[in-house]
Number of protein chains: 4
Amino acid sequence: MPKIVDHDAYRNELLQKYFDDFAHRGYSDVTMREIAESLGVSTGTLYHYFPTKKSILENMLQLASRRDISGAIASIKEDTPLEDRIRAFSNYIMEKEQWFADIVMLTIDYYRQQNKEGGFEMVKEADSYYGNGVAEATGLSAELGFFFTIFFNGLVFHRLAFPDSISFHDQAELFIKVFMTYLRAEGMEKNLKNEGVDSGKK
Amino acid sequence: MPKIVDHDAYRNELLQKYFDDFAHRGYSDVTMREIAESLGVSTGTLYHYFPTKKSILENMLQLASRRDISGAIASIKEDTPLEDRIRAFSNYIMEKEQWFADIVMLTIDYYRQQNKEGGFEMVKEADSYYGNGVAEATGLSAELGFFFTIFFNGLVFHRLAFPDSISFHDQAELFIKVFMTYLRAEGMEKNLKNEGVDSGKK
Amino acid sequence: MPKIVDHDAYRNELLQKYFDDFAHRGYSDVTMREIAESLGVSTGTLYHYFPTKKSILENMLQLASRRDISGAIASIKEDTPLEDRIRAFSNYIMEKEQWFADIVMLTIDYYRQQNKEGGFEMVKEADSYYGNGVAEATGLSAELGFFFTIFFNGLVFHRLAFPDSISFHDQAELFIKVFMTYLRAEGMEKNLKNEGVDSGKK
Amino acid sequence: MPKIVDHDAYRNELLQKYFDDFAHRGYSDVTMREIAESLGVSTGTLYHYFPTKKSILENMLQLASRRDISGAIASIKEDTPLEDRIRAFSNYIMEKEQWFADIVMLTIDYYRQQNKEGGFEMVKEADSYYGNGVAEATGLSAELGFFFTIFFNGLVFHRLAFPDSISFHDQAELFIKVFMTYLRAEGMEKNLKNEGVDSGKK
DNA sequence: TATGAATGAGAATTCATTCAT
DNA sequence: TATGAATGAATTCTCATTCAT
């Protein structure tokens, strides 16, 4: 019998190990040799787990979007007011800002590969992470869930491009203030999927 | 003297012609030969105008950020209420969505090159486009100008990655509603740099 | 003891199963993994039976040349006139044309490997199949045996390269006509090794 | 203006220079790097003239089949008896035996590539060299032209595989004897396209 | 015996750049 | 200025072979 290896587990391990470098350097600027070396395996072994370079990007994004949702949701405690939930999300993103920036960059790489001849389909399931996941975890409507996601993706992107330009914390707090003002003005009920959450505020 | 004018004008013409392909395919996936062919010149000629591939990216982003600001500002009429100004900006971005998506993508490429050994400095002036330009054109504070910019960059990015996910118009209108609600609640004065613009309320 | 019988029998089975693919694709274009997969064994097992890829080619040709001769000779009935014997050979080759084409191709591969550093010796015994075997089975002189063989190898080769060019049957019949005309003209006796076979033609 | 090079002439020069090695080592066993080195150019330059490795094989065979016919025909003098013409052909092949062996081997390579996915069409025009060209140059019928060609291809192949087995000269003379016997017996007229050639003997 | 994970040298091909014309 | 032939290091991917289990 051959060496016993949990193929899938090892694949994920490799993906996570190289996630950061891959995103920062960019799909096209990273070489299979470098990836292999960095992971401490031979190129042959790398190809044993990933048939093509593309498949690494594909699997990375898939893995990321899954961990993404679960991680964010886990950071939210039950039975807390809406503002706290939103702030919890915001803090979660701030803490993992680099990681979210990685996802933004890999998404661009993915988009570009997708448009190539022989490219692959966009990972539809990643879309749920953008918006629906947020909505679910906060109790907001899907539209507002996307609103939230869009802003924070924009924030992550902006700070990636211009690190010295703005403060994450300040813009995030501004967002929360603006957002909460709107929700209160409009009346919470309309914007919440689940009645009773954070209501009754005079 | 006329030579120099021609030279620069021709450079810009080349940059604009290939801008879209460059952004969509990505810095690393576009070859100098392809650029040359697409522009109808030889590689030798291309190198005559741009000493390296990097310099094309550099000049492209520079050109983009300049046209960006001027175009947006030009679309705003004087003496209009704040909401109209904001909507004018939003509409401008919607109409040129593809162009803004290109800038987002090229910015990522630029960021990545910047981090490389021998990479170049980030174009500082591009930052003004993000935020300060908006603030200036609308009369908002710099902080709110960035707030605006961040959201719309997020929106452009999101729709780039997930074209079928959300509507530009709907999310933009939602933003305007949220934003205006906040401005009205907080009192316009605090958020405007220039008194007297869009005032007279009450 | 029974192990060894199994071992060799299994080896031959593997060789025969993959003979055709090997010849058609070519020694260098076939991979050990493909061979293994096609045979339903692991690469490890394949290496258990054949220490190197070269050894597969070697054993294949050896096996082929043996079966070749025996098969052809078996197809010839005793005490038949020379023309019938020759035609029997011709028919045998026509029926197994693909098989003979395989041998032609593998022989080229073999020749090329032989010329390499570390290459192997030509299987001398295969030569007997070309010519001597035919001579023996038909009662012709060695020289005419080779003459026969040469023509039919040429025919197989030509049809391999240009399948739509000529008919096997027509050219074979032409050969027999030409050949028999010559034998009759020259006098059979001179061209036959064994007197008495197909004689009495006073 | 760029360096002035006669593209096609240089291509042919490269093809002829490497013809022999290519055939002997085999399509799959020769590397582009080796070809380039052997030709004294860089791999980049090699690719400048041949977009793929396949295209080298393709062009080589095409070039060969053309030179083949013209060379053979040129060696035949006008107004000579048929037997002399045939012998002239035979001598021509004997002198260039190595070269014909090369073509046989390359043809096999070609056939194998042709059968691959993405393979190319067989060079139809090469078929004319086999048979029709001979017929034309000797005045024989097409069928007998192919008969001739088939035998000599077989002879070349056989001597390639088993160099010590038979003599080219002996088998060639045997062929001529057999062939001429048949032609005389059948009556020349039937086998000649052009009346009057080499007839009326005795 | 049998398996298939692991290896790493080497394959075909690409590409930014140079430079003779 | 303009051309495109030439370069060669670097890229993705392959594959015969080994070996721990």
Side-chain angles (χ1 to χ4, degrees), chain A residues 1-7 10-11 27-37 39-56, chain B residues 3 6-7 10 27-37 40-56, chain C residues 3 6-7 10 27-37 40-56, chain D residues 1-7 10-11 27-37 39-56:
Chain A
M1 260 167 268
K3 200 186 272 191
I4 288 163
V5 174
D6 185 333
H7 197 85
Y10 194 52
R11 270 171 63 101
Y27 175 76
S28 297
D29 284 355
V30 144
T31 74
M32 290 301 267
R33 193 158 7 233
E34 283 170 333
I35 297 175
E37 264 168 34
L39 293 174
V41 298
S42 65
T43 58
T45 300
L46 186 58
Y47 274 91
H48 187 68
Y49 288 98
F50 301 97
T52 61
K53 194 183 174 188
K54 258 186 193 172
S55 76
I56 297 183
Chain B
K3 284 281 178 189
D6 275 354
H7 191 271
Y10 194 50
Y27 174 75
S28 297
D29 283 356
V30 145
T31 74
M32 290 300 268
R33 186 142 27 221
E34 282 171 331
I35 297 174
E37 265 169 34
V41 299
S42 67
T43 57
T45 301
L46 186 58
Y47 271 90
H48 187 71
Y49 288 100
F50 301 97
T52 61
K53 193 182 176 187
K54 262 185 193 168
S55 74
I56 297 183
Chain C
K3 285 280 178 190
D6 274 353
H7 191 271
Y10 193 51
Y27 174 74
S28 297
D29 284 356
V30 144
T31 73
M32 290 300 269
R33 184 139 32 217
E34 283 171 330
I35 298 174
E37 263 169 34
V41 298
S42 66
T43 56
T45 301
L46 186 59
Y47 272 89
H48 188 72
Y49 287 100
F50 301 97
T52 62
K53 194 182 175 188
K54 262 184 192 169
S55 75
I56 297 183
Chain D
M1 258 165 267
K3 201 186 272 190
I4 289 164
V5 175
D6 186 335
H7 196 85
Y10 194 51
R11 271 170 64 100
Y27 175 75
S28 297
D29 284 353
V30 146
T31 74
M32 290 301 268
R33 196 161 0 236
E34 283 170 332
I35 297 174
E37 265 169 33
L39 292 174
V41 298
S42 65
T43 58
T45 299
L46 186 57
Y47 274 91
H48 187 68
Y49 289 96
F50 301 97
T52 60
K53 192 182 176 188
K54 259 185 192 173
S55 76
I56 298 183

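Proteins come first, then strands; the chains are lettered A, B, ... in the order of their sequence lines, and each starts at number 1. Note that the structure is a prediction, hence the values are computed from the model and not measured.
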field: Non-hydrogen atoms of D:Val41 and D:Leu46 that approach each other most closely
entry: CG2-N, 4.3 Å

query: Using a cut-off of less than 4.0 Å, is there contact between a side-chain N or O of A:His48 and OP1 or OP2 of E:dA5?
result: yes

- line: Nucleotide by nucleotide, nucleotides 13-19 of chain E touches protein heavy atoms under 4.0 Å in the pattern (B base, S sugar-phosphate only, - none) BBBBBB-

All stems with DNA chain E, defined as three or more consecutive Watson-Crick or G-U pairs under 3.5 Å: E:2-21 with F:2-21

- prompt: Can you find a side chain N or O atom of A:Ser42 that sits less than 4.0 Å from OP1 or OP2 on E:dT7?
  reply: yes

field: Distance, rounded to the nearest Å, where A:Leu46 contributes CG and F:dT11 contributes P
entry: 14 Å

Exercise: identify the closest heavy-atom pair between D:Ser28 and C:Ser28: CB-CB, 3.3 Å

task: Using a 4.0 Å heavy-atom cut-off across all strands, classify C:Tyr49 as base, sugar-phosphate, or nothing.
output: sugar-phosphate

field: Nearest-angstrom distance from the residue atom CZ of A:Phe50 to C1' of F:dT14
entry: 18 Å

field: Which atom of A:Thr43 lies closest to which atom of A:Arg33, heavy atoms considered
entry: CG2-CA, 4.0 Å

- prompt: Shortest non-hydrogen contact from D:Glu34 to D:Asp29?
  reply: OE1-O, 3.9 Å

statement: note: A:His7, atom NE2; E:dT3, atom P; distance rounded to Å ~ 18 Å

query: With A:Ser55, which of A:Phe50, A:Tyr49, A:Tyr47 fulfils side chain to side chain contact (heavy atoms under 4.5 Å, CB included)?
result: A:Phe50

task: Could you tell me whether the phosphate oxygens of F:dA5, OP1 or OP2, come under 4.0 Å of any side-chain nitrogen or oxygen in D:Tyr10?
output: no

- prompt: Atom CD1 of D:Ile35 and atom P of E:dA11: how far apart are they, to the nearest Å?
  reply: 11 Å

Heavy-atom closest pair, residues D:Met32 and D:Lys53: SD-CG, 3.6 Å

